[in-house]
Amino acid sequence: MQYIIDFYGYTIFFYSMLLMLSYVALLIMSYLYSGRYMKWMGEYINDSIKRTSNVPGVSIVAPAYNEEKTIVDNVTSLLKQDYPNFEVVIVNDGSKDKTLEILIEQFELEEVPYAYTGRIQCKPFKRMFKSINPLYKRLVVVDKVNGGTKADAVNAGLNVVSNPYFINTDVDCILSREAITQCIFPILQDDSIIAVSGTMSMSNGSTVEDGVIVNSRPPRRLIPLFQDLEYKRSFLVGKMGWAYINAMNNVSGGYGLFSTNVCIEAGGYDSDSFAEDMDMIFRMIAYCCEVKREYRVVQIPFTCCWTEGPGNLKVLNRQRTRWGRGLFQHVSKHMRLLLNPTYKMLGMVTFPYVFLFEFLAPIIEGTGSIVLLYLIFTGGVNWNTFWVMFGAIYLFTLMISSFVILYDYLAGGSYTKNSSYFRLFLAALLEPFLYHPLIVFFSIKGYYNYLTGKRAVWGEMTRTGAQKK
Amino acid sequence: MKTILVYILNATPEVNFYGWDVVKFWCRQVLDRFFTYSWQVRTAYAIVVLCVISVLSLSFIFSGYIRKRRKKDDAYKKCKDRYIGPFRTILKTDYHLPTSSIEKICDCHIEDFAEFEGGIYAKLLCEIRNELSDVISLPNIQLLAELTGVRSWIENNLHKKNDIEISLELVVTMPIMISEGQLANYANYYDPLTKNLARQALYICNDNEPFRYLEEDLEEIPRQYRYMSLHRMFGWLYHNQKQMPSFMVLAEKVNNEKSASFMIEEIAYWGRESEKQSVNKFFYSNKIACRVAAIKVVAMLGKTIWEDALVESYQKQPEEVQMQILETITALKSGKQAGFLEKCYISAPSKTLAEQALRCLFNYNAEGKEKFEKLSQTPMSERDRNILEQIRSLANLEEKRKQREKELSCSIS
């Protein structure tokens, strides 16, 4: 028994060291990469893009299902972009409430005949609406039969978009006015870019005026506050670092800009997937590798999108269990890519990392906790050693969070007030004790649900909305 | 080290330390805390120590940044409150102002400008520049940049390699004329964005041989952003009666297809009359993109004299060019080509081309619309009928939007 425990101890130790090393590497790479954007996204570039008419067109695709309470504000917010060439495609995914009626009335929509071509599979298209009011000429509303998933609705949107790039977002997300301008800049620099990920923040606690965030503050409640910190860490260190070596593992389903053609050629979103965003980017990269097309997936350090995070444990449980299930499904579906040199960085770096440090992490942490409990009860814990090991992991997490807070401030800052960062730092002190164990538990629950084939429930996100001025 | 350690381990409360020994003692106490433990514990402890140092340093750096930014913001606010009005007046004045007038408008002496550093004024000038768009006075901005120290701030930055990007951006955006020597260092810089911006600044600041790097620029891997910034710069040169490049010569000389077609399109905006007259020579260019660009230029210039040549060349062109010919014919609206457009629809080999021809026919003129309606009576596939309906309804929608716009403007007035 002792041998097993010793072996396990060593495994955990080396695993943790390797994880820490990878974080240090990501930290350095993200610093090098974000520096480029921080230097360049000045007035001149923004101004050049805004004044030019021949920039590539971008379609914002946002599915809506039973959103009658917020749909008008949300669509108004999406139409506020300062980019010269864009359209907003709202996909009404068979809403049972008055979402479509409200849209028709508020935005003066009229049904227009459309020669629909099903380039990618989705539930049947019913009709298309456009506005007779010139103020809303950029708005397109697609009505379709409910497909039950966001992926199906986005696919319907993709079948009608007329632009070379599209943004996949949620209808309740609040985009910054420069969201498209900031994301299109890397593409204007490099044609081979197939997807751009923008940084996301929590809108809980911020103030919205006329569809735009005017006073950005960290969430007041603990769960969204922790999630805000988690998002920042993931975007500003994880994804920025991976983007430096062109090994991005995901472009969030909440906000991401994609090449329409590559997405369609790769087969569009998978309606059966519970991690459809990660699945899509994997398939897009795999497609590019298979047809030997040059590709790059990049991350930008600026906050482009605010989304409302789960406000209570129940919703967090549902969200994270679904993500856990999605990750398991994703890993098992794409096993053929693992260590396969055909898929370049995806097969040799990204996927092994996802497998080792994202998929296995909750399992290792979960079993670690059980072993620790066993050792405590059997008196097998050397407490001095325990506290040093625990301190190393805790302080390392705190250090990474501190770096993230500094990065965010240097990239222009997600928050209006400097004191907000202090709040975020306090969250970083508490997060490993209060939030992280829950995430591990929910992920394991997601794995269990996937293995036992328990029916997945998307559930409804209880929204309180950002404060209005 | 061992001696110190033994000394520390054997230390008793009676031993007194002084000066650096106290520091050394505590350092050792911390560093050698787990000296006797296994290497795994020592590694973990090293991580603890490093992380504590990092978190403390980061907090220190962060508070430093906050203080610095706050100081800058306060200075900028003060500067803006005081000078935004006078500077706006100076930059809007369309004749050359003498220094005394600038002093009078700003209600201060030249020496008073030293209150704020050049970077603060640069930010303010940039803000006014963006607000006033392209109508600012070129000689007055040069004088203002000189008096406020913006010019020397930029030159100093370029010399010391500080804030290179922001400085070059300012030179190009305002634009502020600086010495060519400072720019030449960056014309072959390793970072492509910096290099391109420096070259652009050279095109603006150099009066003798401004386009020395343009051909090389155009031969590089095409980047959309590069074309956008070049287009903007040509516009600035054109409006300020500066020397322009020979678009036609470069379009012929450059091997890069995308760049060549870009230069052809630029003829429509800023080309000489002689260049505009000879765009038709690209109708049968070896580069397809150049053919498309030349035909697009015909539409932009409204040159109906080449309409027949385009119609004649239609069948000899690939689909990409045919699509552009249809668009150009529709844009020219000479009223003679409705029959041609109808024929194009009937003989179109692909669905995309047929759709384009149908759309052009509908938008051409009354005769086109009539032919379109006649075509809609003929038997056709479900998809073609849908396309027909789509074209018709989009046109109706446009009409309704125009009507709504009128109503809106009436209600506002």
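Sequence lines set the chain letters: A, B, ... in the order given, protein chains first and strands last, and positions in each chain run from 1. Please read all numbers here as calculations on a predicted model, not as lab measurements.
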Less than 4.5 Å to any heavy atom of chain A: does that hold for the side chain of [X], its backbone, both, or neither?
X        : value
B/Leu394 : side chain
B/Tyr65  : both
B/Thr43  : side chain
B/Arg392 : neither

Partner chain B: residue of [options] with the largest heavy-atom pair count (under 4.5 Å):
options                                : answer
A/Asn418, A/Thr117, A/Val112           : A/Asn418
A/Tyr409, A/Tyr114, A/Phe396           : A/Tyr409
A/Ser131, A/Gly391, A/Pro134, A/Ser401 : A/Pro134

Considering only heavy atoms, which portion of [X] lies under 4.5 Å from any heavy atom of chain B: side chain, backbone, both, or neither?
X        : value
A/Glu108 : side chain
A/Gln189 : both
A/Ile405 : both
A/Tyr407 : neither
A/Leu410 : both
A/Asp191 : side chain
A/Met20  : side chain

Salt-bridge present ([X], [Y]; N to O < 4.0 Å):
X        : Y        : result
A/Lys50  : A/Asp82  : yes
B/Glu127 : B/Lys123 : no
B/Glu405 : A/Lys137 : no

Over 12 foreign heavy atoms within 6.0 Å of CZ, B/Arg70 =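 Counting neighbours around CZ of B/Arg70, 12 or fewer heavy atoms of other residues, nucleotides or ligands fall under 6.0 Å, so no.
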How about B/Tyr76: does its OH atom have over 12 heavy atoms from other parts shown lying under 6.0 Å from it?
->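 Count over threshold, so yes.
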Centre of B/Tyr227's six-membered ring, under 6.0 Å away, within 45 degrees of the axis: is that where NZ or CZ of B/Lys258 sits?
->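 Verdict for B/Tyr227: no cation-pi partner in B/Lys258.
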Angle between ring planes, [X] versus [Y], binned at 30° and 60°: parallel, tilted or perpendicular?
X        : Y        : result
A/Trp387 : A/Trp383 : tilted
B/Phe62  : A/Tyr421 : perpendicular
B/Tyr238 : B/Trp270 : tilted

If you tally heavy-atom pairs under 4.5 Å against chain A, which of B/Ile387, B/Leu397, B/Val49, B/Asn386 wins?
->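 Top count of heavy-atom pairs under 4.5 Å with chain A: B/Leu397.
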Could you have a look at B/Ile61, B/Ile47, B/Ile66, B/Asn396 and say which one has the most heavy-atom pairs with chain A under 4.5 angstrom?
->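 So the answer, after comparing B/Ile61, B/Ile47, B/Ile66, B/Asn396, is B/Ile66.
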Find the distance between OH (A/Tyr23) and CZ (A/Phe403) and round it off to the nearest 0.5 Å.
->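 So the gap between those two atoms works out to 14.5 Å.
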